[in-house]
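Accompanying notes for the structure given below.
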Amino acid sequence: MRMLDLNFVRANLELVRNKLRGRGQDPAVLLGDFEALDQRRRDRITEGEQLKAQRNKLSEEVARLKKSGQYAGAVMDRTRTLRARTEELEAAAAESEEQMRAILTRIPNLTRDEVPVGIDERANVEVKRWSTAPEFDFQPKPHWELGEHLGILDLERAAKIAGARFAVYWGDGAKLERALISFMLDVHTREHGYTEVLPPFMVNSKSLFGTGQLPKFADDLFRCVDAEGFEPGKYRDSDHWLIPTAEVPVTNLYREEILDEAKLPISLAAYTPCFRSEAGSYGKDVRGIIRQHQFQKVELVKFTRPEESEAEHEKLTRNAEAILERLGLPYRRMLLCTGDTGFSSAKTFDLEVWLPGQGLYREISSCSNFEAFQARRANIRYKPKGQGKTTLVHTLNGSGLAVGRTWLAILENYQQADGTVRVPEALVSYMGGQRTIAPRQGA
RNA sequence: GGAGAGGUGGCCGAGUGGUUGAUGGCUCCGGUCUUGAAAACCGGCAUACCCGCAAGGGUAUCGGGGGUUCGAAUCCCUCCCUCUCCGCCA
């Protein structure tokens, strides 16, 4: 189990080192003395296997002797003696393998060459901007004020029943969330060719390894208390973690499978809640519902042939943008720089929605091409026509969209001077014909 | 939770300690035949790693892990998953 292919890393060490530097990471820390470790590993394997070959020969000798009724005791004794030494070498080889595995599973994907080099979001590049930006003749409010005023967003009681970073939606607030989910799924399935799936909201650690959340990002996840704890390097079928995104269960649907080339590309759309511990983001985005332990999301996932993944990445990103456009929400598309691109991704576009209540753009979707990175970890392959060789597929995904952030973007963009909120035209039918969200009676 | 049955290569399915990485069938690939196709026939067809310029050789893998043994797909332990029955439950 590894992330980048060992042979590739070995043959392209300098490239890998450069790509790591591009991400702002120190190759020496991540790779250690790669060549020496690799050489020692190979020496140990070679030696151990030679001994095993010898042992196997002797065992065959025993069989031959016994078959012809001859005495085999002496050979059996020799083999027995070989055993201790063999086991030693095996253990040493296993130790080296583990060292290499630990290194490889922590190397992030190599970013594509067109990804701008930079250490943080300041180096991201704005690719496009789309707007029907609303003009306000009053001071627009942030969504938490609007939500509270309307009686549809209840953060206080959420904190009481679940703790900080949770939300309770009442009345039209709950209805708007549900309308958004249905709207997004309908557009993607009816117009963009995605198949809807409803996966489990918990996954095992093997799945989290497959998409790249484990081992490195265990702290960002909620893990259920199972009999077995978690130790990096040990991935199970039977433990339970809350999903941080539908990407995990949906991409892993085809883990350890060989897909039919005729069915590619496969496009799946899934609604799920997402759970994130948000460790390390204390004090960040504490107001409103920008950053929550639980939020809802409609996720788009694709499995493609390697040569189509770039084109499909653009299509997927356009599919996400279509939702923003249909809802009349101003946004811009950012090409993330090397340092801001996620661990598993080779190239990522973030879509950022305009939030007039706060006067800034906020990420509402992240669309990534993982190329073969996840496919290699999860072992998802297909058999190209004409060649016998099974090949890793490319995987992609993107939010289409984050529902909670869409919800708050609508509040902020469609607010009116009196604090009520207009319902975007595209959602009216999903809201049962309702055109305005007014303060909840009896709130 | 209790009792039982089972997990073998892309798929189906043999195999209960000794040239079994694994019979056979299907799919797939190449070829013969055909105007073309089908059928028929012939041949090929697992993966990873190690050694090697290569040819080739070696090691490991029969759900996962551990054990017994000179030797394990085959025996033992354990975990996971699937199926049947019972109980409980949304």
Side-chain angles (χ1 to χ4, degrees), chain A residues 1-11 35 37-101 103-105 200-210 224 226-231 233-241 252-264 372 375-393:
Chain A
M1 290 209 281
R2 58 193 189 278
M3 164 182 219
L4 289 179
D5 185 69
L6 172 59
N7 292 314
F8 178 87
V9 175
R10 187 183 294 143
E35 285 116 319
L37 288 171
D38 185 38
Q39 192 53 55
R40 188 165 60 154
R41 165 181 165 277
R42 291 200 268 177
D43 290 344
R44 286 173 165 182
I45 288 173
T46 304
E47 207 180 336
E49 289 189 348
Q50 280 167 354
L51 222 51
K52 276 191 263 186
Q54 206 177 327
R55 185 198 61 193
N56 289 344
K57 281 259 184 310
L58 288 173
S59 283
E60 280 172 36
E61 178 72 16
V62 171
R64 223 172 298 130
L65 290 172
K66 284 200 166 179
K67 215 170 211 168
S68 59
Q70 294 176 13
Y71 172 70
V75 182
M76 283 163 69
D77 285 344
R78 274 173 63 203
T79 317
R80 224 189 317 264
T81 328
L82 253 182
R83 207 169 149 185
R85 179 68 190 137
T86 309
E87 278 169 5
E88 251 172 58
L89 281 166
E90 257 184 334
E95 190 205 342
S96 283
E97 289 271 24
E98 171 57 26
Q99 284 174 345
M100 293 298 287
R101 196 202 56 77
I103 290 171
L104 287 170
T105 57
F201 301 160
M202 291 189 197
V203 290
N204 55 32
S205 46
K206 270 194 187 157
S207 296
L208 287 158
F209 177 84
C224 298
D226 291 301
E228 320 99 334
F230 169 67
E231 42 179 311
K234 203 130 171 84
Y235 305 102
R236 307 174 197 277
D237 295 313
S238 54
D239 51 356
H240 301 84
W241 305 62
N252 278 281
L253 283 173
Y254 294 123
R255 175 153 52 84
E256 313 288 341
E257 292 193 31
I258 295 175
L259 304 175
D260 179 2
E261 185 184 20
K263 295 202 171 75
L264 299 177
R376 184 174 298 110
R377 292 170 78 105
N379 201 20
I380 308 170
R381 298 168 296 167
Y382 78 107
K383 215 177 179 116
K385 193 84 181 155
Q387 315 160 34
K389 192 79 176 158
T390 50
T391 307
L392 296 169
V393 299

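In the text below, chain A, chain B and the rest are named by the order of the sequence lines, each starting its count at 1. Here the structure is a predicted model, which means the values were calculated and not measured.
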What's the closest nucleotide to the A:Asp237 side chain, out of B:rC80, B:rG10, B:rU69?
B:rC80
Residues at least two apart in sequence or cross-chain that pass side-chain hydrogen bond (donor to acceptor under 3.5 Å, both in side chains) with A:Ser205, listed by chain then number, are A:Asp239
Could you pull out the protein-nucleic contacts involving nucleotides 88-90 of chain B (nitrogen or oxygen on both sides, under 3.5 Å)?
none

For RNA chain B, what is the dot-bracket line, given that a base pair needs Watson-Crick (N1 to N3, plus N6-O4 or O6-N4) or G-U wobble (N1-O2 and O6-N3) geometry with both distances under 3.5 Å, and | means paired with another strand?
((((((((.[[[..)..(.....]]].(((((.......))))).((((((....)))))).[[[[[..)....]]]]])))))))....
How far, in whole Å, is B:rG15 from B:rG21 if one measures between their C1' atoms?
13 Å
Give the table of side-chain donor-acceptor pairs shorter than 3.5 Å for residues 56-66 of chain A, with sequence neighbours excluded, one pair per line with atom names and distance.
from, atom 1, to, atom 2, distance (Å)
A:Glu61, OE1, A:Arg64, NH1, 2.9

Using the C1' atom on both, measure B:rC77 against B:rU68 and round to a whole Å.
10 Å
pair A:Arg40-A:Met100: side-chain heavy atoms closer than 4.5 Å:
no
Which whole-number value in Å describes the distance from A:Gln39 CD to B:rC51 P?
7 Å
Minimum heavy-atom distance between A:Trp241 and A:Asn204, given as atom pair plus value
CD1-C, 4.2 Å
Taking atom C1' in both B:rC11 and B:rC79, what distance in whole Å separates the two?
28 Å
Interatomic distance at P, B:rC42 relative to B:rC26, whole Å:
11 Å
What residues, two or more places apart in sequence or in another chain, satisfy salt bridge (Lys or Arg N to Asp or Glu O under 4.0 Å) together with A:Glu257?
none
Given atom CD of A:Glu257 and atom P of B:rA46, what is their separation to the nearest angstrom?
21 Å
Near RNA chain B, counting only heavy atoms under 4.0 Å, which residues of residues 41-58 of chain A show up?
A:Arg41, A:Arg42, A:Ile45, A:Thr46, A:Glu49, A:Lys52, A:Ala53, A:Arg55, A:Asn56
